[in-house]
Amino acid sequence: MKKRVTKAIFPVAGKGTRFLPATKSVPKEIMTLVDRPLIQYAIDEARAAGIKEFIFVTSRGKSALEDYFDHSPDLENTLRKAGKDDLLETLKSTNMDSGAIAYIRQHKALGLGHAVWCARRLIGNEPFAVILPDDVIAGQTPCLQQMVEAHAETGGCMVAAMEVQRDKTSSYGVLDGHGEMGSSFPVSGMVEKPNPQDAPSNLAVIGRYILTPDIMRNLSRIKTGSGGEIQLTDAIAAEIDEEREVFGYQFRGERFDCGSKAGFLQATVAFGLAREDLGAEFSNYLHDLMSTRRAAQ
Ligand code: G1P
């Protein structure tokens, strides 16, 4: 029987320089879409997929993340006394069970592959998921859950995939393969950030992975790749070289690149419009704004 995926790695060591000055004191992952930090979306998606152990690969200046997931008895008492049960309920989703969450430091910014490798001892000999919180994916069935279901059939390694414009391939890992929405497909090659003319397709890797423990072994021996960094893409490509199975999974859902300002703004608008308590008012405001083309002064 295939082992269930119950562990997930969240690489959150990045400095978030694109969001300076905000990220001078606030980790990028704590920045909020409407009223929930980016990392909460990632955790909720992992939980929906059956993840029970959450491994954060952090760096200096990220302690706000640890506080965020800690219980907060004073605040909870104040809310309880004030009868604010709805807010108490909201807080519950941020509480993690004791021992369910682990923090590991990546001491040097040597790349995504290196960040994942830092968690090798906590992964042991089990399949594991990797979630990049910058990629926020809205969908009826959360993306990782779709993948876990598909992976139960295929085994091997699996990466989320999405079609992108040809001229954008140099921002992504790119797959050699052909997919269809809502299904998995075999991958015969993977390249990190290729120029459009060298890209094997326009199917980009999006930040959701289900990986075998072999990947940790590959990471300990691969050399630096694109951008002078240890690339997760290269460690997965090494599996293909050794004739082990790698699948792409073209998920159903909309992905927002919250690692960029434009993507973050788009996500804010989309998630704001989707909220029952805010959507109607916000939509009216946006219509008005667009028709008069006003901008904040
Ligand atoms: C990382 C991965 C890349 C993937 C991308 C998805 O790149 O290295 O393969 O396509 O995430 O968001 P980054 O955006 O960290 O440069």
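Note that this is a predicted model, so its numbers are computed, not measured. Atoms within each ligand, like the ligands themselves, are counted from 1 in listed order.
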Under a 3.5 Å cutoff, is there a donor and acceptor pairing between the side chains of [X] and [Y]?
{"X": "H114", "Y": "Q106", "result": "yes"}
{"X": "E239", "Y": "N218", "result": "yes"}
{"X": "Q40", "Y": "Y68", "result": "yes"}

Tell me the protein heavy atom at minimum distance from [atom], and give that distance in Å.
{"atom": "atom 5 (C) of ligand 1", "answer": "V205 O, 4.0 Å"}
{"atom": "atom 9 (O) of ligand 1", "answer": "E192 OE1, 2.7 Å"}
{"atom": "atom 16 (O) of ligand 1", "answer": "K193 NZ, 2.7 Å"}

- Item | For E29, the option from K15, K62, R36 that meets salt bridge (Lys or Arg N to Asp or Glu O under 4.0 Å) |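 Among K15, K62, R36, the one meeting salt bridge (Lys or Arg N to Asp or Glu O under 4.0 Å) with E29 is K62.
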- Message: Check this for me: does any side-chain nitrogen of one of R217 and E242 sit under 4.0 Å from a carboxylate oxygen of the other?
- Response: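 Result for this pair is yes, salt bridge flagged.
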- Item | Electrostatic pair D97-K52, nearest N-O below 4.0 angstrom |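 No, D97 and K52 are not salt-bridged.
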Within reach of ligand 1, part of [X] (heavy-atom separation under 4.0 Å):
{"X": "D135", "result": "side chain"}
{"X": "L132", "result": "side chain"}
{"X": "M162", "result": "neither"}

- Task: Apply the side-chain contact (heavy atoms from CB on, under 4.5 Å) test between M158 and each candidate in E245, H151, R208; give the one that qualifies.
- Result: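 Going through the options one by one, the only one that passes is H151.
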- Counting both backbone and side chain atoms, is some N or O of L112 under 3.5 Å from an N or O of ligand 1?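 Looking only at distances, the answer is no, because the N/O contact criterion of under 3.5 Å is not met.
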- Message: Between F185 and Y249, is the ring centroid distance below 6.0 Å?
- Response: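 No: the rings miss the under 6.0 Å criterion.
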Which ligand 1 atoms are under 4.0 Å away from a heavy-atom of [X]?
{"X": "T233", "result": "9 (O)"}
{"X": "R255", "result": "12 (O)"}
{"X": "G173", "result": "3 (C), 4 (C), 9 (O), 10 (O)"}

- Message: I'd like to check atom 13 (P) of ligand 1 in this structure: does the protein have a heavy atom lying under 4.0 Å from it?
- Response: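 True for atom 13 (P) of ligand 1.
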